Amino acid sequence: MMDLRPQFLVAVKKVRAQRGDSELSADAVLRKRGSTKRQAVSPFEEQARLIRQHVKDVLGFVARNRKQYLNPSRHLGMGGAGAADGMSERERDQIDEEGEASVRRCYDALGELRRTGESLAKGAEPALPQQLLSHRTYVLEFLAERLQRVSAVLADQKEIRLRQALDASRLANARPRHFEAPGSAAGAAPPSSAAAASAAAATAAAVA
């Protein structure tokens with residue numbers, strides 16, 4: 001079975017770095033678990049816990065960066081104090097790429113977990129109780145729902161980003177017509193009276 005622990009620790013480190021925390025919570029949790037006596041868990045349960053924790057931290061990472069990701073100040077070229085709180089296009093790309101790659105890995109691990117559960121059920125002697133089988137089915141459905149939630153958040157962010165890009169394009173196309181006066185360019189010759197009248201009429205028509 002694929003071990004997600006290294007990938008999980010990397011994801012948690014990224015999140016903790018964003019928050020400025022000094023200690024990796026995953027290591028602390030593992031140390032605490034190792035210091036107390038507990039009942040042995042099956043490979044299915046152990047893997048399910050790792051997937052759940054990984055999904056939780058990916059969702060937390062996306063949520064913590066959502067405000068900056070959606071800040072339109074830098075995206076629309078507004079400048080000012082608010083621009084410092086926004087992200088560049090490259091930074092947005094990194095959020096999208098890391099989030100989508102993590103979701104794909106989790107879906108792959110979830111598929112393997114499902115196959116593991118089926119294999120354990122078929123090879124069990126005596127047969128596993130129905131209550132345990134129902135519980136594992138619930139765990140699989142729960143993890144799938146959490147992954148769908150992360151995917152929905154990522155898709156929503158990308159849709160808003162696309163709308164912002166369209167707004168920025170419309171604004172850039174509108175500026176020459178509405179905000180640039182004829183002959184305002186450096187070195188441009190003054191327009192003739194007829195040309196000025198024609199330009200004024202065109203501007204009035206555009207504004208109307």
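The basis for the numbers below is simple: all heavy atoms, side chains too, and nothing from hydrogens, waters or symmetry mates. The shown structure was predicted, so the numbers you read here are calculated from the model rather than taken from an experiment.
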Pair Glu89 + Arg92: basic N to acidic O under 4.0 Å: yes

N-O pairing of Asp57 and Arg64 below 4.0 Å: no

Under 3.5 Å donor-acceptor, Thr116 side chain and Glu112 backbone: yes

Side-chain (Ser151) to main-chain (Leu147) donor-acceptor, under 3.5 angstrom: yes

Val103 reachable from Phe142 in the ILVMFWY side-chain graph, under 4.5 Å edges: yes

Electrostatic pair Asp167-Arg170, nearest N-O below 4.0 angstrom: yes

Pairing of Glu45 and Arg52 as salt bridge, 4.0 angstrom limit: no

Test side chain to side chain contact (heavy atoms under 4.5 Å, CB included) applied to Leu140 and Phe44, step by step: CA-CA 10 Å; Leu140 292 169; Phe44 180 94; 4.1 Å; yes

same_hphob_cluster(Val58, Tyr107) at 4.5 Å side-chain heavy-atom cutoff: yes

Distance-minimising heavy-atom pair for Leu128 and Ala121: CD1-CA, 3.8 Å

Nearest-0.5 Å distance that lies between atom CD in Gln94 and atom OH in Tyr69: 12.0 Å

Ile51 versus Leu110, closest heavy-atom pair with distance: CD1-N, 4.0 Å

Electrostatic pair Arg163:Glu159 at N-O distance under 4.0 angstrom: yes

Minimal non-hydrogen separation, Cys106 against Val55, with atom names: SG-CG2, 3.7 Å

Nearest non-hydrogen partners of Gly117 and Arg136, listed with the distance: O-NH1, 4.4 Å

Full working for side chain to side chain contact (heavy atoms under 4.5 Å, CB included) between His135 and Gln131: CA-CA 6 Å; His135 172 72; Gln131 183 178 4; 5.8 Å; no

Inter-residue atom distance Leu113.CG - Leu50.CG, 0.5 Å rounding: 10.0 Å

Verdict with reasoning, Arg114 to Glu118, per side chain to side chain contact (heavy atoms under 4.5 Å, CB included): CA-CA 6 Å; Arg114 182 176 287 105; Glu118 294 172 353; 3.9 Å; yes

CZ-CG distance between Arg66 and Leu154, expressed to the nearest 0.5 angstrom: 9.5 Å

Closest non-hydrogen atom pair, Val139 against Ala48: CG1-CB, 3.8 Å

Trace of the side chain to side chain contact (heavy atoms under 4.5 Å, CB included) decision for Gln157 with Ile160: CA-CA 5 Å; Gln157 289 188 167; Ile160 295 175; 5.9 Å; no

Value rounded to 0.5 Å, distance of CZ in Arg90 from CD in Glu97: 5.0 Å

Short side-chain to backbone donor-acceptor contact, Asn65 and Phe61, under 3.5 Å: yes

Shared hydrophobic cluster, Tyr138 / Leu143 (ILVMFWY, side-chain heavy atoms < 4.5 Å): yes

Smallest separation among heavy atoms of Gln164 and Asn71, with atom names: NE2-C, 4.5 Å

